[in-house]
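Before any comments, here is the structure.
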Amino acid sequence: MKKFGFLLFLVVMMIAFPKMADASSYSAKIYLDGQQINVSSGAKVENINGTVMVPIRIVSENLGFQVDWSKAAKTVIVQDGSQTVTMTIGSQYADINGQRVQMTKAPILRGGTTIVPIRFVSEQMGLQVRWDNGTKSVHLTSGYTGSIPDGDAGAHTATVDGITFSDNKLMVAVTGNAKPSISKLSNPDRIVIDMVNTEFSDSFGTMNDYDEVNKIGQMTVSGYSDVKSVRYSLFNSSPLTVRIVLDLNQPANYTVSGLENGSGILTVALTAATDPSPGTGGKKVVVIDAGHGDHDPGAIGVTKKREKDFNLAMALKVEKLLANEPNIDVVLTRSTDKFLELKDRAKLANDLKADVFISIHANSGPSAATGTETYYYDQSDKALAAALHKEIVKAMGLKDRGVRYGNFHVIRETKMPGALLEVGFMSNKTDESKLFDPATQDRVAAAIVRGIKNYLNVN
């Protein structure tokens, strides 16, 4: 992701916090998607010469990332999927997957607790962060890739007067010309409604569970299978923006009505997701994973082509062919140039209870290295890898480098037979030319489909 994923989310998320006294300490509240994170007792947020520092234990206790501490080296290592960040006490330089990056302030050991500067990677993660100096609280939003439209400087501010949920419908009473922007998000499933140039009315708190100081509230929903809660907050102050989030128990579609003339009742009616689940009717489920993506280009070729582009092109061609197979449902981990953590790729396949998982890659090495190789992790994966490899080698016409064992996250953590394909070498001029030749890609895509069908014994 353009974002460091959610990997270091709190490890480093500083925004332009106002300067305060040197080494001042306070118990700042931290909100993620409108919900307060319960920071363990004794975990304090500090401000050191204008740089906000947060205890590293928040990362492990509240986000569940793996955090390791080396007493001898005085280093803290944070890991999640393919991302590894190493920070050293007293050093302003951190190591991110082998790259040396400077931080605003060195980590500090304070009474046995490691505290780290916040800004470090938040800009790369795409988190939206708002600091409320009056309440000393940090408001974070993760996973939301939509954008809030610019407010109209001359527009009158609309108000949200009330929020209710009944009959599987969210109803928002609005006075003024509110302009709702609605998005459906997953992991976790939720529907996000943003209304620009809008704030809560003075009477809103008398009818709703609402913290007027922090401008945040929540409604518990019971008796509905789709929704577990409704959250709302004054998400942004410039422009004033009210955000309402429906936390879903499962994916759901929706229809929107109301506010055609400005004031009125905005109604978001939930409907069941209509697309049949993959595997319905006894179909085999195949997950195709295009390796890398977005800020992670993978290997760079002799002519500066990027592995991520080859991987995606191949995945889309395989998807197109498999879509014509009546006994197979195909799902892509990514269909655009976006980044997914390795754990999320494996989780998608596991959640779908897929029959096979195939990760597409291109290799890199010395300029003389050439050929096609296919990796498996478990012996139960080997038959799939062999079926694919046999077909791909014929289609590429390069050196047969064999079927090999590989301890790769995506085929190690998936619960179904999986294979990781290294179709050719980006670092070899001849291989790279073949990898990006459309006719060769078509042959390889057809070869992958043949290998899948042979393995699954599907006509």
Side-chain angles (χ1 to χ4, degrees), residues 15 29-36 126-135 137-166 169-185 188-221 227-248 252 254-270:
I15 52 173
K29 295 178 181 178
I30 302 172
Y31 294 89
L32 171 60
D33 292 332
Q35 291 183 313
Q36 185 176 352
L127 288 174
Q128 297 192 37
V129 185
R130 178 171 63 87
W131 168 250
D132 189 324
N133 191 48
T135 61
S137 59
V138 180
H139 297 265
L140 307 166
T141 303
S142 66
Y144 181 69
T145 56
S147 59
I148 297 176
D150 292 334
D152 182 351
H156 294 291
T157 301
T159 59
V160 170
D161 306 317
I163 297 176
T164 60
F165 189 90
S166 64
K169 297 176 182 177
L170 174 75
M171 288 167 283
V172 184
V174 177
T175 299
N177 190 24
K179 298 177 180 178
S181 173
I182 305 178
S183 298
K184 184 169 66 172
L185 306 177
D189 294 308
R190 61 205 187 280
I191 294 172
V192 178
I193 304 158
D194 282 325
M195 289 187 280
V196 183
N197 289 326
T198 305
E199 62 183 341
F200 294 106
S201 67
D202 293 338
S203 61
F204 178 82
T206 63
M207 297 179 290
N208 297 269
D209 186 1
Y210 180 61
D211 180 345
E212 294 188 5
V213 175
N214 294 306
K215 300 187 184 303
I216 194 167
Q218 181 166 326
M219 175 193 309
T220 300
V221 176
V227 180
K228 56 185 174 183
S229 67
V230 178
R231 295 180 282 116
Y232 35 88
S233 66
L234 186 65
F235 174 72
N236 202 8
S237 58
S238 182
L240 285 168
T241 304
V242 167
R243 169 166 289 182
I244 304 170
V245 180
L246 282 79
D247 291 312
L248 305 178
Y254 62 88
T255 60
V256 181
S257 61
L259 302 192
E260 288 83 359
N261 299 315
S263 300
I265 303 293
L266 169 68
T267 301
V268 179
L270 299 183

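In plain terms, the two heavy atoms of Asn197 and Pro239 that are nearest each other are OD1-CB, 4.0 Å. Contact detail for Ala252 and Lys184: the closest heavy-atom pair is O-CD, 3.0 Å. Shown here for Phe165 and Val221, the closest heavy-atom pair between the two residues is CD2-CG1, 3.8 Å. In this structure, Thr159 and Ser201 approach most closely via the heavy-atom pair CB-CB, 3.9 Å. The shortest heavy-atom contact between Val268 and Tyr254 is CG1-CB, 3.9 Å. Contact detail for Gly205 and Glu212: the closest heavy-atom pair is CA-OE2, 4.1 Å.
Remark: side-chain polar atoms of Thr206 are not paired, donor with acceptor, to backbone N or O of Phe204 under 3.5 angstrom.
The OG atom of Ser233 lies 9.0 Å from the CD1 atom of Ile244; values are rounded to the nearest 0.5 Å. From Met195, atom CE reaches atom CD1 of Ile182 across 8.5 Å, with rounding to the nearest 0.5 Å. Here the CZ atom belonging to Arg190 is positioned 11.5 Å from the CG atom belonging to Leu246, to the nearest 0.5 angstrom.
Under the 4.5 Å side-chain criterion, counting only non-hydrogen atoms from C-beta, Leu234 is in contact with Val242. Side-chain contact between Ile191 and Leu270 is present, with at least one heavy-atom pair separated by less than 4.5 Å. The shortest distance between side-chain heavy atoms of Asn208 and Tyr232 falls below 4.5 Å. Counting heavy atoms from C-beta outward, Val256 and Ile193 have side chains that stay 4.5 Å or more apart. Residues Gln218 and Tyr210 form no side-chain contact, since every pair of their non-hydrogen atoms from C-beta on lies 4.5 Å or further apart. You'll find the side chain of Asp209 stays beyond 4.5 Å of the side chain of Met219, heavy atoms only.
Remark: the Asp194 side chain and the Thr241 side chain contain no N/O donor-acceptor pair separated by less than 3.5 Å.
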Would you sort out whether Ile265 and Val172 count as a side-chain contact (heavy atoms from CB on, under 4.5 Å), showing the intermediate values?
CA-CA 5 Å; Ile265 303 293; Val172 184; over 6 Å; no
